[in-house]
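The structure under discussion appears below in the form of structure tokens.
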Amino acid sequence: MEYDFASIEPKWRRFWQEQLTFKAQNQSAKPKYYVLDMFPYPSGSGLHVGHPLGYIASDIHARYKRHQGFNVLHPMGYDAFGLPAEQYAIQTGQHPSKTTNQNIKRYREQLDLIGFSFDWTRQVNTSNPEFYRWTQWIFVRLFHSWYNRLSDKAEPITTLIDHLERKGTQGLDAVADEHASFTASEWNAFSIKEQREMLLKFRLAYRAETIVNWCPGLGTVLANDEVVNGRSERGGFPVEQRKMKQWSLRITAYAQRLLDGLDTVDWSDSLKEIQRNWIGRSEGAELSFGVQNHDAQIHVFTTRPDTLFGATFMVLAPEHELVEHITTAGQQEDISSYQSYAKARSERERMSETKIITGAFTGAYAINPITKAAIPIWISDYVLASYGTGAVMAVPAGDQRDWDFATHFHLPITPVIQGQDVSEGADERKDGVMINSDFLNGLSVKEAIEEILKRVEEANIGYRKVNYKLRDAVFSRQRYWGEPFPVYYRDDIPFTIDEDKLPIVLPEINEFKPTEDGDPPLGRATHWNWDRDKGEVVENGKGFPLELSTMPGWAGSSWYFLRYMMDGDPAERQKLFVSPEAVEYWKQVDLYMGGAEHATGHLLYFRFWTKFLYDLGFLPFDEPAKKLINQGMIQAEDGQKMSKRHGNVVNPDDVVAEHGADALRLHEMFLGPIEMHKPWNTKGIEGVSKFLRKLWRLFHDGDIVDVSEDEPTKAELKTLHKCIQKVSEDLDRFAFNTPVSALMVAVNELTALKCNKRAVLEPLTVILSCHAPHIAEELWSRLGHPASISEEPWPEANPEFLKDDSLTYPVSINGKTRFHLELPSDMVKEEVEREVLSHEIAQKWLDGKTPKKVIVVIGRIVNVVV
RNA sequence: GCGGGUGUGGCGAAAUUGGUAGACGCGCUAGACUUAGGAUCUAGUGCCGCAAGGCGUGGGGGUUCGAGUCCCUCCACCCGCACCA
């Protein structure tokens, strides 16, 4: 009988499912190992062959670790809240939960076909109230926390209130919206509303009027990472900047720790660089400029305080709040028309037309705090309101954008470093000797920076500052299919709903569009899980409005890895998002597998929430994943992206039906290195199918199992141990393609040797079972073992069997002519090592002449210099 | 522009610390068995050459007895960021 995957594979999948073979135990004497995949969003189009690539690799690794005696946690779940289900609901009226559940069912069927060793008893679904209760709970904690720079961690808001009551803002170093300053008695005199408003400026989850990305096409705001080239990542609709009152998370408080943490994790350099870039740390100073005939102060951020004397003008972002105060009557018209021009210019235009130089003069002059010189204040949209202070001191000699602006508007350009050539453009050199800079003259750039910082700090007109590009993350979405905020309002001040009343279950609504009043879809809800009108959540029997936005898609995925750590005990699951015992046992994810496209989204929020929960003492670690592998994308055969739209989707179900799941697994791994993008190649799968059939024949004579108990020969043992060594080494370094080759070599060699010996085939089956678990399980049971093979000890490669009887060495003389010489390997080890043999041999070849130099590389090559 | 990565046969790719480049698979060629083969098996397959031999890891240079691997430089492609002061 030939290898019949169609009957064998489903049998074993059923077996694993019924026996709960892969159920992880929270109590175990074994060392733990946590292998996690980025869970999928269950979309309507189902899985294509690209999706399982990472799952197969992580599954191979999980199985390998089980063989090595680890207690492996390898779970799977669904990131189930999201836009497509809601868009579909708007079009068809079908409730998103229905669509989502259908899609989940379909995903599960597809995943089940591939033979993954997931522990499904722990699956999570972010749209399940049992799960999002805790997403809401974490939000409540964020709301009731602030970031204390002195302890460098998040603390309960009560410690802040306590401080304010006793000392006001004195001695306080907190991450906050603005630098507020008041005394304890002032604080205590504030009304409750004033106090609450002030606290919002400190909370890690806060609601504020901010400039946000508004997407009219989707009817919602978006976070920065959800906007690509001025368009929404989902749907590709244009996005505009708008000032709106929205919820945000104060991720900026964690900028430095998010940066530092990257040095402690084993992630790819490119991914770390993307995150570093996104966080965008730069060191410099914030300086204050006065305004002529005004009491206003303009704060600027600069990385080159040494060039202060070269600042010949000042530029504010068009939206800068001082613009309206300082603009002179004569310039009012110019400024207003420029502001409306800048406002109308879309983000996209602005990005694509960076060469066009525009701006307007306010008529006002800033006073250089050191020289007291007056310099004109302009506005231009090359200065971004969202970065730094929204204002720059323009140094046209050293900055190309400033140079362009100065040249265009005929503003002076003063070089401040000796030899700076500003005739054709800015000279952005970062070293040299200062000129035209009064007391800085003659100093090096480095010295000048120190000197000027000393002076501005003494004069209290500026201070050293580290600035980050990272912005706070907008956290509310005007959508239905997401976690409702556990928030209600009194007098427009947000209050959280008590933790013991969670979850706030998503209410049923009849239509998923925004309301006629422009409220989010939740405005249509009449029945929440409490009666809004009766106002159960608030005092005095009076109803208060609830927050109508929902959380963004990345809320649930920022902490889901913790929920998997919980086993099924319902009482424990009710107590906390993860039990202290479970998190203490499982700790960090040991291997996280997923796409690099989440670099600036999920992977940043995921780290942020972990650090936050660590600060509050819920976790014993502050980085979620020790090792991360970004699997590449599988493209269609033409190199295009596989998608429903292109009609080039290869469905794994079809591949499994035609070739079997093991062949699919082997083939996906065999395509190339896991991190690389590669096209799907249909033809190539024949190769691995052939391999499986050959393997099967090694164990069989016709229909019957034919395995010999004879002692293996040296050659057979060599083949086996070579293979064990290669597969083990490769899996240790997370290479998933080369073990397939090693297994193929072994099977080819054993076939040629006609080796059907148990002592060889058994260990071979074990090392095969990571990549091709179904056939391995079947062969294992045919060898007379009770199932399952999954925890069989991994065989050791014995170097004894890897030695060659004799080796042939190429020998070159003067690096040119080559001889080949055959030597017994023992001899090489003992003799060549001492360079004795090589001299003798060399002399033999050189007709008795003594070689000058003999280079010996043990076991490899001999080169002779005459 | 800045940052990260990649470049090896007709194709996907191996080569772990510098040590016989191209393992393994696809494709191709020839042969065997077959009524048949898109099944199976055997042999061959980097390029040029009848051969001896020569040339070969994007180009050029360097270090070394020896370089796909290390250094310098240039080129091409991919990914990320992009007026970040």
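Per chain, numbering begins at 1; letters A, B, ... match sequence-line order. In what follows, every heavy atom counts, from backbone to side chain, and hydrogens, waters and symmetry copies are set aside.
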Watson-Crick or G-U wobble partner of U64(B), both distances under 3.5 Å: none
Taking a pair as Watson-Crick or G-U wobble with both distances under 3.5 Å, which nucleotide is matched to G3(B)? C79(B)
Can you identify which nucleotide, out of C83(B), C81(B), C24(B), has its nearest atom closest to the F670(A) side chain? C24(B)
Below the 4.0 Å mark, does A85(B) have OP1 or OP2 next to a side-chain nitrogen or oxygen of R304(A)? no
Can you tell which of U40(B), C24(B), A15(B) lies closest to the side chain of R693(A)? U40(B)
Under 4.0 Å: is that the gap between some side-chain N or O of S282(A) and OP1 or OP2 of A85(B)? yes
Heavy-atom pair of closest approach, residues F736(A) and H771(A): O-NE2, 3.0 Å
Does N748(A) make a side-chain N or O approach to OP1 or OP2 of G25(B) shorter than 4.0 Å? yes
Counting only side-chain nitrogens and oxygens, does K469(A) get under 4.0 Å of the OP1 or OP2 atom of A85(B)? no
Atom CE of M676(A) and atom C1' of G4(B): how far apart are they, to the nearest Å? 13 Å
Given G27(B), U16(B), G5(B), the nucleotide with the shortest approach to the side chain of E729(A): U16(B)
Would you kindly give the CG-to-C1' distance between D399(A) and C83(B), to the nearest whole Å? 9 Å
Strictly by Watson-Crick or wobble contacts shorter than 3.5 Å, is anything paired with A30(B), and which nucleotide is it? U42(B)
Rounded C1' spacing from G3(B) to A14(B) in Å: 30 Å
Under 4.0 Å between a side-chain N or O of R697(A) and OP1 or OP2 of U40(B)? no
Can a salt bridge be assigned to the pair R281(A) and E283(A) using a cut-off of 4.0 Å between side-chain N and carboxylate O? yes
Distance, rounded to the nearest Å, where Y387(A) contributes OH and A82(B) contributes P: 13 Å
Checking understanding here: a glycosidic angle within 90° of 0 is syn, the rest anti, so what is G9(B)? syn
Between C1' of C26(B) and CD of E686(A), the distance in whole Å: 10 Å
Identify whether any heavy atom of P679(A) sits under 4.0 Å from a base atom; if not, whether one sits that close to sugar-phosphate; answer base, sugar-phosphate or nothing. nothing
Do NZ/NE/NH1/NH2 and the carboxylate oxygens of R276(A) and D263(A) come within less than 4.0 Å? yes
With heavy atoms under 4.0 Å as the rule, sort V395(A) into base, sugar-phosphate or nothing. nothing
Using a cut-off of strictly less than 4.0 Å, decide whether N737(A) has a side-chain nitrogen or oxygen near OP1 or OP2 of C24(B). no
Nearest-Å distance, CG (N630(A)) to P (C79(B))? 15 Å
